[in-house]
Amino acid sequence: MTGIKKVAICGAGGTMGAGIAIVAARGGYETVCFDMSADALARQRAAADKFFGKSVDKGRMSAEDKEATMARMSDSTDLNELADCDLIIEAIFEDLGVKKELFGKLNEICKPETIFASNTSTLSITEIAGGSGRDDKVVGMHFCLPAQVMKLIEMSRGINTSDETFSTAWAWTESCKQIPVETQDKPGFILNALLVPFNNDVIRAIEAGLCTPEDLDIAIKSGLGYKMGPCTLLDLIGLDTQVRLGEAFYPITLDKRAAVPPLCRRMVAAGRLGNKSGSGLLTGLTSEKATEAPGYAIVGTGESRSFPAGDAFLSGGAEGAPVTIHLGGGFAPDDSKTAVLVELDTECLGVHTGEDLGREGSNAVGFARYRNGNDAPSNLIELVKQPNTDPQALAAARAVFEVAGFDVVVCADQPGRIIDRLVRPKYNDALRFLDEGLATAEDMDKTCCMGLGYPDGPLERVQRGGLGRHYDVTTALQEMSGQPGYAPARAAVVAKARG
Ligand code: NAD
């Protein structure tokens with residue numbers, strides 16, 4: 001029992017508020033939908049009606065339940081009508097002054113026991129509570145978009161939030177069949193703290209000419225099993241939103257990875273915001289998959305972790321074929337071949353080719369098949385080219401792997417290729433957040449799986465892949481790139497030291 005009967009949603013005419021109002025009314029609560037815009041409220045009422053209509057069509061709700069739920073929702077543009085609410089959830093503009101002002105006004109109007117919750121993504125709950133006159137009754141309640149569909153809620157306490165407030169708000173979310181996780185009042189809580197720098201890294205990788213946005217998405221989906229590629233996600237949330245998030249994060253965290261990448265600003269200036277403006281990072285370019293491939297010969301020398309003994313690909317080779325494949329880092333130039341493929345670990349292709357940037361028409365192509373620890377090797381092949389790589393050699397390499405059924409992407413000879421470049425700093429962040437007590441390992445992983453559709457959380461994955469291996473990869477990346485984000489997290493240093 002929470003003692004909460006009547007709830008108000010401030011900003012119910014907006015994207016998040018409209019969804020939260022649906023959650024509250026569906027949970028059985030009398031729900032006041034408050035916004036300064038009556039038009040927005042009318043639009044969202046029609047949208048709620050449509051949403052519940054679909055639930056009825058799908059058999060998730062009876063027509064009577066729909067009518068009763070809609071009847072529990074009332075619209076208001078008069079703050080005074082919130083006076084007798086037990087819980088008020090604000091989802092108004094992301095502006096500290098505006099949110100503090102709203103809570104200050106509500107403090108004058110509402111009962112002393114009313115709890116105020118904020119859906120802020122980036123602001124501090126303690127700072128917002130500072131304007132409320134009841135900072136023990138203010139709590140962070142961060143829903144995911146779309147709130148009416150996503151179950152996860154990140155719950156956080158301000159410094160002065162009372163245990164009673166927190167547990168009552170927590171119980172209320174559970175009564176609405178949501179799934180709360182506890183996190184600290186820190187910028188971005190769990191989800192955005194991991195996502196904002198990661199998405200910036202993605203934009204910087206594209207800006208650095210690492211690969212196309214299309215190939216980046218294929219790599220992340222195929223290699224890591226994410227449901228949605230990061231460029232698709234960025235186009236969906238909007239590059240203007242990413243600018244705003246970076247602008248909110250960087251001054252607080254001073255994390256260089258949180259700073260807005262120049263390309264992101266240029267895209268916004270050019271009106272390429274993503275789906276909402278009709279064009280964004282993804283250009284719609286797709287390459288036809290090869291249906292025929294030249295023969296290949298495995299002339300490999302070293303041991304390959306990614307093509308363990310018995311792997312079907314190893315048996316497909318034919319001696320004397322036009323493409324030769326060196327496994328485990330071996331390499332011998334052979335100009336008589338269409339392509340000479342070199343399997344890479346953390347090193348760059350240039351290590352093998354001697355950085356022959358001036359040499360015309362090198363037929364050497366690097367490749368790596370992504371594998372996390374002792375998991376089964378993924379289906380992803382990252383092909384690595386240098387500025388002088390012969391396009392014919394690259395096409396032959398692509399065809400060999402595509403015809404064998406792999407997902408093939410092409411990237412420049414830059415540290416970490418696509419997967420390690422992007423995922424290793426995120427693992428470092430997650431390990432560091434765990435040290436700092438941001439949340440439990442279980443809650444951090446759960447948040448990523450539920451909020452972002454990852455098949456497993458970053459902590460589970462980095463541990464499965466081996467913290468010692470994480471140390472080796474990040475140390476190599478830091479040496480090559482000089483970027484502090486690659487400095488191995490404490491847990492990886494400890495694991496390495498302990499062998
Ligand atoms: P939005 O612009 O879609 O909606 C904001 C709504 O608040 C508008 O309808 C506006 O009329 C209303 N509003 C603004 N000031 C008001 C005031 N003083 N009184 C009454 N109504 C007011 O914004 P949004 O994307 O829904 O974001 C709202 C909040 O939710 C922000 O704090 C944001 O950080 C957070 N959030 C957003 C997302 C997301 O993906 N959009 C996800 C989680 C949290």
Side-chain angles (χ1 to χ4, degrees), residues 8-23 32-48 75-82 85 88-107 109 116-125 127-129 131-132 138-156 173 178 181 183 185 187-196 199 228 233-249 252 273-276 447 450-452:
I9 316 299
C10 296
T15 311
M16 290 305 294
I20 299 169
I22 288 177
V23 170
V32 184
C33 300
F34 171 78
D35 203 287
M36 59 188 185
S37 160
D39 287 349
L41 285 174
R43 269 197 308 277
Q44 296 299 2
R45 190 166 187 82
D75 290 349
S76 175
T77 53
D78 177 3
L79 207 58
N80 291 308
E81 289 184 20
L82 276 53
C85 288
I88 294 182
I89 305 171
E90 74 76 18
I92 63 170
F93 297 144
E94 186 74 339
D95 181 297
L96 181 61
V98 173
K99 286 188 194 286
K100 282 175 84 164
E101 190 189 336
L102 176 75
F103 278 177
K105 282 187 193 159
L106 284 168
N107 185 44
I109 297 167
F116 295 170
S118 173
N119 184 48
T120 180
S121 299
T122 56
L123 301 169
S124 152
I125 299 304
E127 284 189 72
I128 294 171
S132 70
V138 178
V139 63
M141 198 184 269
H142 183 243
F143 290 74
C144 297
L145 180 73
Q148 67 274 30
V149 176
M150 303 288 279
K151 292 282 167 212
L152 183 82
I153 302 183
E154 292 173 284
M155 300 282 298
S156 58
T173 66
Q178 298 292 119
V181 293
T183 173
D185 179 20
F189 310 115
I190 302 169
L191 209 58
N192 279 318
L194 287 170
L195 195 60
V196 172
N199 279 345
M228 185 182 277
L233 180 62
L234 274 161
D235 279 349
L236 186 69
I237 63 176
L239 292 166
D240 53 336
T241 303
Q242 186 64 15
V243 168
R244 276 202 296 279
L245 286 167
E247 282 175 346
F249 266 63
I252 313 170
L273 309 180
N275 298 0
K276 64 179 110 170
T447 299
M450 293 190 65
L452 299 167

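All ligand and atom numbering here is 1-based and tracks the order in the structure. Any value given below was found using the heavy atoms of this structure, including those in side chains, with hydrogens, waters and symmetry copies removed.
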Can you name the atoms of ligand 1, numbered from 1 with element, that are less than 4.0 Å from a heavy atom of [X]?
X	answer
His142	43 (C), 44 (C)
Thr120	32 (O)
Gly13	9 (O)
Gly11	6 (C), 7 (O), 12 (C)
Lys99	31 (C), 32 (O)

Give the residue and atom name of whichever protein heavy atom lies nearest to [atom], and the separation in Å to one decimal.
atom	answer
atom 2 (O) of ligand 1	Phe93 CE2, 3.5 Å
atom 35 (C) of ligand 1	Asn119 O, 3.3 Å
atom 4 (O) of ligand 1	Gly14 CA, 3.2 Å
atom 41 (N) of ligand 1	Met16 CG, 3.9 Å

Is a side-chain N or O of [X] found less than 3.5 angstrom from the main chain of [Y], in a donor-acceptor match?
X	Y	result
Asp35	Leu41	no
Asn107	Ser132	yes
Glu94	Thr122	yes
Gln178	Met150	yes

If hydrogens are left out, which of [options] has an atom nearest to [atom], that is, the closest non-hydrogen atom?
atom	options	answer
atom 19 (N) of ligand 1	Phe143, Phe189, Phe34	Phe34
atom 13 (N) of ligand 1	Ile89, Leu41, Ile92, Leu245	Ile92
atom 28 (C) of ligand 1	Gly19, Ala91, Cys10	Ala91
atom 11 (O) of ligand 1	Asp35, Asp39, Leu79	Asp35

Value rounded to 0.5 Å, distance of OG1 in Thr183 from CD1 in Ile190: 4.0 Å
To the nearest 0.5 Å, what is the distance between CD1 (Ile128) and CG (Leu96)?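 One finds 6.5 Å between CD1 of Ile128 and CG of Leu96.
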Side chain to side chain contact (heavy atoms under 4.5 Å, CB included) between Leu102 and Phe93, worked out: CA-CA 11 Å; Leu102 176 75; Phe93 297 144; over 6 Å; no
Quick one: ring pair (Phe, Tyr, Trp, His ring centres under 6.0 Å) partners of Phe143, sequence neighbours excluded? none
Quick one: ring pair (Phe, Tyr, Trp, His ring centres under 6.0 Å) partners of Phe34, sequence neighbours excluded?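 None.
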Would Glu90 count as a contact residue for ligand 1, given that I'm defining contact as a non-hydrogen atom of the residue lying under 4.0 Å from a ligand atom? no
Under 3.5 Å, is there a donor-acceptor pair between the Ser121 and His142 side chains? yes
More than 12 foreign heavy atoms under 6.0 Å from NZ of Lys151: is that the case here?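 Yes, NZ of Lys151 has more than 12 neighbouring heavy atoms, counting only those of other groups under 6.0 Å.
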Within the structure, does [X] bring an N/O atom to less than 3.5 angstrom of an N/O atom in ligand 1?
X	result
Glu94	yes
Met36	yes
Ser121	yes

Within 4.0 Å of atom 21 (N) of ligand 1 (strictly less), any protein heavy atom?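 Within 4.0 Å of atom 21 (N) of ligand 1, protein heavy atoms are found.
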